[in-house]
There are 4 protein chains.
Amino acid sequence: MQVLKDELRHRILLESEHLFLQRGYDRTSMQMIADKVNISKGNLYHYFKNKEELFYELTDSAAEGLKNLILRSRSGRFSNIADSREFQLLLQEEILSLLLAEKYGLLLIMEQGKGTRYEHLRPTMVALIAEQIEPLLADEENALLLAQIMADNLVGGIIQILKNRVRPREVRVCMNRLLDYHTKGIHALRVE
Amino acid sequence: MQVLKDELRHRILLESEHLFLQRGYDRTSMQMIADKVNISKGNLYHYFKNKEELFYELTDSAAEGLKNLILRSRSGRFSNIADSREFQLLLQEEILSLLLAEKYGLLLIMEQGKGTRYEHLRPTMVALIAEQIEPLLADEENALLLAQIMADNLVGGIIQILKNRVRPREVRVCMNRLLDYHTKGIHALRVE
Amino acid sequence: MQVLKDELRHRILLESEHLFLQRGYDRTSMQMIADKVNISKGNLYHYFKNKEELFYELTDSAAEGLKNLILRSRSGRFSNIADSREFQLLLQEEILSLLLAEKYGLLLIMEQGKGTRYEHLRPTMVALIAEQIEPLLADEENALLLAQIMADNLVGGIIQILKNRVRPREVRVCMNRLLDYHTKGIHALRVE
Amino acid sequence: MQVLKDELRHRILLESEHLFLQRGYDRTSMQMIADKVNISKGNLYHYFKNKEELFYELTDSAAEGLKNLILRSRSGRFSNIADSREFQLLLQEEILSLLLAEKYGLLLIMEQGKGTRYEHLRPTMVALIAEQIEPLLADEENALLLAQIMADNLVGGIIQILKNRVRPREVRVCMNRLLDYHTKGIHALRVE
DNA sequence: TATGAATGAGTGTTCATTCAT
DNA sequence: GATGAATGAACACTCATTCAT
């Protein structure tokens, strides 16, 4: 019985994850989820308190991981961003393990969280990263905007990789490429 | 009367544009628009068949311009993308005039089109651009994905600029910077 | 097993009584009861056919006692209500033993029975009592209404006492005071 | 058109007042109201923001009047409650005009407000009145309880009158009788 | 042209009750 | 006897759209 319950619970999580990924939180109704799982709408509430909790069940560990990653990265370890080789390696490993462990959760909070507590997560993240990039750029009036674009691009690139690569090795290779691309690009705009 | 009618029609477009930009298509109700314009909800339907048509009126010319830009770019004119200086200049001019002419329409279809026929425009666009970038990259299994990322980043960067810069000159300068950043980055991944 | 069963049955009655008294019939859910008793919701239906029957189990003997009291009081025994000292004593004893025996059941049917067959019990009761009081009043057009008010007040007063006094002696004393008040008015209770 | 709207609005208020009076706030659904008025449920929200606002529209002026009455009565004017003849007259007039003006609103907030902001109004009121009565009673351990009962009876008596008398003169006469009864007891109303 | 009244389908959520195990 | 999964009807509320005036 417990098995059955767990199995259905798992199926609800699975199907709602699909729907949330495809349509976003707002545009996915409890009825849609119930239909996909082939149970009554009311029964969903046997497994999850409400729609928001269902979403958070799918995303909280990803959000937690992301928060920790940011906290550690801001605690000074990665202070010399673009020029240290060490930076790339450490950052890469930190990010990689999070990406691999929390792939869909991250996609949900970064892309499909409208209507939830993660609604403004992506811009917040981007702003944090931009803060770190800006001082590296030549001092001009557009430095902040360009840093924002780069940060946004970095985040966007990671999302693309998550969407298109499954196996750890592949993700790792692509992340390397992405960072190459970004660091070379950033050099073009650096303080000489 | 025609003048009055046109003027009201224009005000509806203006206010709904604001709302759609701020809140997105889905989360903007006809009631909100009617309130902003200070007319009745029903009267909106005298000017626009329904909510979707109102949105399309705001976005179709931008979408058309975008389509044409892509068509022309694919017709062979910009075939040698990254190595010709000419590419940068032409592309820049084409894009710039579109951006300046259709700023808000482009933002709407690229960012706030959930629930409309433009729901999947951005990924489609990105795929088209990626197609053009891919052959320039070193032949590896990730070439397509990297091209997609670059394309996505390019699009994302442009959107950022549109959101943060108003005057043509500023937009032009930022676009230059963005392209510098991207071409230098791309070089890192090019066929040697 | 029978003992166990009876014991559980008793606990259900106990906890649901608490909840019904605090929250009323309508606003007490079977889930709340199950949680308080620490059994499953479904198991409640092994002991009681449905929510209504559970409520009736808690209240039927009180309702029965009340009915009998009224029947006997109407059978002529207490015909000369206000002037016979005997009336006060007899009534007091009859009522007192019912109150003490069926305290919570009475509170439930008089105060928390919305949604059950006792929904209209209190007004019915009041009407019955009023019938007996009316002939004692001076013949005027408002006699019936005044009798109803007195009856309602009497019932209300008893409910108050039930809620605020536990020990038989206390209840008895308060009931005496209440009847004094009703027969002689506030003056009876004033500081001299 | 404005007339139609006002007329329907009035009918909604009328029918919902009936339902709220009969069944209480909680147990009256928007669907019931819509059915009685013979309109769609959605249309109710054209006239009232939500169920609570509809209820408050029916009750707020009564609640306001009651609040003012209490404030004025507490401001010291009626300090010598039971012994001054003046008290009875003034109180009677104040209460009478409120009762006549806000009959159904008062019934709703005193009897049928479960689930609204008036849920605890009656016990609060009763406590306020009891505070004034208690010092007049002989000092015994049951004084507070008896004062509460009297206060509750007074309120209950007024409610009975409201339910059973329509014309001002009748209400006035009954209120007089009620106060007599409370001050002098049943004897005051007996056949001589 | 303009209004705003009206509808009906849809939203998330609750809950008494049933039933297979 | 006991569980808890499951249902279905009900709840308050929203909103794009239609339509009589």
Side-chain angles (χ1 to χ4, degrees), chain A residues 1-9 26-34 37-54 115, chain B residues 1-2 4-5 8-9 26-34 38-54 115, chain C residues 1-2 4-5 8-9 26-34 38-54 115, chain D residues 1-9 26-34 37-54 115:
Chain A
M1 213 141 306
Q2 192 58 27
V3 175
L4 246 192
K5 169 158 172 160
D6 280 358
E7 204 250 321
L8 181 50
R9 190 184 154 84
D26 261 356
R27 293 162 46 79
T28 299
S29 75
M30 292 302 258
Q31 188 62 67
M32 287 175 196
I33 297 169
V37 185
N38 234 336
I39 59 174
S40 72
K41 201 170 44 164
N43 199 20
L44 285 179
Y45 290 85
H46 207 72
Y47 294 87
F48 302 94
K49 203 182 129 219
N50 53 36
K51 190 180 164 186
E52 231 172 330
E53 291 302 319
L54 171 52
Chain B
M1 195 77 345
Q2 190 58 27
L4 266 188
K5 173 168 165 155
L8 181 47
R9 192 183 152 82
D26 265 355
R27 293 163 98 162
T28 300
S29 74
M30 293 301 259
Q31 188 62 68
M32 287 175 195
I33 298 169
N38 238 335
I39 60 171
S40 72
K41 202 167 42 166
N43 201 18
L44 286 178
Y45 289 84
H46 275 283
Y47 291 88
F48 304 94
K49 199 181 134 218
N50 53 34
K51 191 179 164 188
E52 231 172 328
E53 291 302 320
L54 170 52
Chain C
M1 197 77 342
Q2 189 59 26
L4 266 187
K5 174 166 163 155
L8 182 47
R9 194 183 151 80
D26 263 356
R27 292 161 99 162
T28 299
S29 75
M30 292 302 258
Q31 187 62 67
M32 287 174 195
I33 298 169
N38 237 337
I39 60 170
S40 72
K41 201 167 42 167
N43 201 18
L44 286 178
Y45 289 84
H46 275 284
Y47 292 87
F48 303 94
K49 199 181 135 217
N50 54 35
K51 191 179 162 186
E52 232 172 329
E53 291 301 321
L54 171 52
Chain D
M1 214 143 305
Q2 192 59 26
V3 174
L4 247 191
K5 170 156 172 159
D6 279 358
E7 204 250 322
L8 181 49
R9 191 184 153 82
D26 261 358
R27 293 160 48 78
T28 300
S29 75
M30 291 302 258
Q31 188 62 67
M32 288 174 195
I33 297 169
V37 185
N38 234 337
I39 60 173
S40 71
K41 198 170 47 165
N43 200 20
L44 284 179
Y45 291 86
H46 208 72
Y47 294 86
F48 302 93
K49 203 181 131 219
N50 53 37
K51 190 181 163 185
E52 233 172 329
E53 292 302 319
L54 172 51

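Values reported hereafter were calculated over all heavy atoms of this structure, with side chains retained and with hydrogens, waters and symmetry mates removed. None of these values were measured; they are calculated from a predicted model.
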Identify the pairs formed between an N or O of the protein and an N or O of nucleotides 9-11 of chain F at a distance under 3.5 Å, and give each distance.
from: dC11(F); atom 1: OP1; to: S29(D); atom 2: OG; distance (Å): 3.4

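For the pair R9(D) CZ and dA6(E) C1', the computed distance is 17 Å after rounding to whole Å. To the nearest angstrom, P of dT17(F) lies 9 Å from NZ of K49(B). In this structure, R27(B) atom CZ and dA16(F) atom P are separated by 14 Å, rounded to whole Å. Between I33(B) atom CD1 and dA16(F) atom C1' the separation is 11 Å, expressed in whole Å. Across the protein-nucleic acid pair, F48(A) atom CZ and dA5(F) atom P stand 12 Å apart, rounded to whole Å. For L44(C) and dT18(E), the CG to C1' distance is 14 Å, given to the nearest whole Å. Here dA5(F) presents its C1' atom at 15 Å from CG of N38(A), a figure rounded to the nearest Å.
Counting any heavy atom pair closer than 4.0 Å across all strands shown, N50(A) reaches sugar-phosphate atoms only and no base atom.
Contact between the side-chain N/O atoms of N43(C) and the OP1/OP2 oxygens of dG1(F) is not found at any separation under 4.0 Å. Residue Y47(A) places at least one side-chain N or O closer than 4.0 Å to OP1 or OP2 of dA6(F). Between S40(B) and the phosphate of dT3(E), there is a side-chain N or O to OP1/OP2 separation shorter than 4.0 Å. In this model, the phosphate group of dA6(F) is not approached by any side-chain N or O of H46(A) to a distance below 4.0 Å at OP1 or OP2.
Looking at K41(D), its side chain never comes within 3.5 Å of a backbone N or O of I33(D) through a donor-acceptor pair.
Among residues two or more places apart in sequence or in another chain, the side-chain contact (heavy atoms from CB on, under 4.5 Å) test is passed with N43(B) by L8(B), I39(B), S40(B), H46(B), Y47(B). Residues passing the side-chain contact (heavy atoms from CB on, under 4.5 Å) test with F48(C), sequence neighbours excluded: R9(C), I12(C), L13(C), L54(C), E57(C). Every residue meeting the side-chain contact (heavy atoms from CB on, under 4.5 Å) condition with E52(B), not counting sequence neighbours, appears here in chain and number order: Y25(B), N50(B), Y56(B). Take E53(D) and apply the side chain to side chain donor-acceptor pair (under 3.5 Å) test, not counting sequence neighbours, and it matches no residue. Under the rule for a side-chain contact (heavy atoms from CB on, under 4.5 Å), the partners of D26(C) that lie at least two apart in sequence or sit in another chain are R27(D).
Closest to the side chain of Y45(D), out of dA2(F), dA6(E), dC13(F), is dC13(F). Comparing dA6(F), dA6(E), dT3(F) by their nearest atom to the side chain of I39(C) picks out dT3(F).
Secondary structure note: stems in DNA chain E built from 3 or more consecutive Watson-Crick or G-U wobble pairs under 3.5 Å occupy E:2-21 with F:2-21.
From L44(B), atom CG reaches atom NZ of K51(B) across 11.5 Å, with rounding to the nearest 0.5 Å.
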